[in-house]
Each structure stands twice: as C-alpha cells, then as structure tokens.
Amino acid sequence: MRCMTSSDKPGNAADAPTETTGATGATGVHETTGVAVVADRDWATAAADPQYRAAVVDLLGALAYGELAAFERLAEDAKLAPTLADKAELAKMASAEFHHFERLRDRLAEIGEEPTEAMEPFVAAYDGFHKQTDPSDWLEGLVKAYVGDSIASDFYREVAARLDADTRELVLAVLDDTGHAGFAVEKVRAAIDADPRVGGRLALWARRLMGEALSQSQRVVADRDALSTMLVGGVADGFDLAEVGRMFSRITEAHTKRMAALGLAA
C-alpha cells in the first residue's frame, strides 16, 4: 500500500508529545498499563522486552512488504503514463520505494530476523488491498499514490511516535516524502481543469481508497497481537482505545486536506 507520502505531515505525530492515561514510575513502567515506556530508549534497551521486539518486527515486516509492493505497482502503472516524461517520473518514484525496501530488509537482517518471514504475514492484506483498488487509468493511479498510500503513511507515523529512538528514525526516513507529491497534484488538477467532469469520478475513487485503506490498516493491527498491544496497550505512553479513535480521526482529517489539494470534494 505504501507509495508516495504527502509533505503535509498532519499533526507531526512523531514529533508531538503523546497524551498519557497515567503516570510513569521510577522503573519506567506505565502505572495504568504496566507496560514499559520505550519512546526515549534505544533499540538495544527496548528490545529486551520480547513483546516489544515482536511488535517492531511486525511493523518493519509490514513496511518492507508495503514498499516492495509499491515498487512493483509503480513499475506497472508506468505503462499507463501518457508521455515519456511521465513514465520516467514514475520509474524514479519506483526506484525510491525499492531503496526504502532495501533499508527495511537490511534492518531486519541486522537485528537477526529473516526479512521474508517478517513480511509474509502481511502479503495477503497488502495484495488484497491492491487487488480491490486496481486503478483503471493514469489519473486513478496518481490519486491512489497520493491519497491512498498517504493514509498508510499517516498511520505508520502515528505508530512511530511510540517506538524506540533507533527504530523511529528508520521508520520516519522510509516514510519521508520522495518529492513527487507535487507531481500528482499538478497532473490531477490539470486534468480537472481540462475536463471538470473528471473531478467527480476521481472524488468517488478517492473515497473508496479511504475506506479500503482504513479497513486494511485495522485488519493488519487486529491480526497481529504484538502490534495491537503496542497501539492499544500503551507500549509507549499509555496509548489507549480512546487515543486509537483520535488517531483515526487525525488520519481522516489529513485525507480531507489531501483531497482539497487535488481539487476534489471529500
């Protein structure tokens, strides 16, 4: 699902202070959840908790397969490009996603995990999403890259705020805007200016992407106990069910902003 990210990182989740539902004692264990706070630790220290380690392996595996799938899809979407320059731009984007995949793959190997095994649990979810949201033309592909994949990026940025410092740095690096968000906005807005009827079709497409992306994110978390505990159980500062709801509200608000940037009604 991952591909391009928007430069308007709503909420700056990874940089903003995180709300807590209880105080942390001198041991660094959250008094409400009993889970160790890890956001201010390095990987070596945080990974001593096997549940936390399992959650990070899941996260890196999900991201790695998302980047690999994005690379494959962008290479395929290049066939729909109307000009040689557009085709080259998509190829450049695909290359950036593959480099992100390589960083995640190498990190998994560095911490003693088999990358393909870490990615395998997420193959069905990602492939299912892409099958359900296969673009029918060039413009739908651009909207998917800019809007659909950015929803996943926002979700992972929220998670990154609850990671150890080393893992957070890597995750934010591979989610960074590859510099091509403006390309999608320019092309889509130009198409709408040329034929306003295109806007209605693309708006419906973007709403569909929103629903499918949120459903996929929720399924991934629900299916992986360690990852869901990281979010709901408060691994990094008492992240509770109410905060999960607020998180998805922030993601929805960011989607609305991206729709506006494209000149589409949310």
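Note that the coordinates shown come from a computational prediction; the quantities given were computed from them, not determined experimentally.
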What's the spacing between [X] [atom1] and [Y] [atom2] if we round to 0.5 Å?
X      : Y      : atom1 : atom2 : result
Arg246 : Arg250 : CZ    : CZ    : 7.5 Å
Leu59  : Thr167 : CG    : OG1   : 8.0 Å
Arg207 : Glu212 : CZ    : CD    : 15.0 Å
Lys144 : Leu74  : NZ    : CG    : 9.5 Å
Ile251 : Met247 : CD1   : CE    : 5.0 Å
Glu140 : Asp77  : CD    : CG    : 10.5 Å

Check: [Y] main-chain N/O paired with [X] side-chain donor or acceptor under 3.5 Å:
X      : Y      : result
Arg162 : Glu158 : yes
Ser150 : Tyr146 : yes
Tyr52  : Asp164 : yes
Arg73  : Ala145 : no
Tyr126 : Ala70  : no
Asp166 : Trp43  : yes

Is any side-chain heavy atom of [X] less than 4.5 Å from a side-chain heavy atom of [Y]?
X      : Y      : value
Leu175 : Leu63  : yes
Trp205 : Leu139 : no
Leu172 : Arg157 : yes

remark   = Given the options Val147, Leu202, Thr256, Leu264 meets side chain to side chain contact (heavy atoms under 4.5 Å, CB included) only with Leu202
inquiry  = Are more than 12 heavy atoms, taken from residues, nucleotides or ligands other than Glu169, located less than 6.0 Å from that residue's CD atom?
reply    = no
ask   = So, do Phe101 and Phe98 have ring centers that fall under 6.0 Å from each other?
value = yes
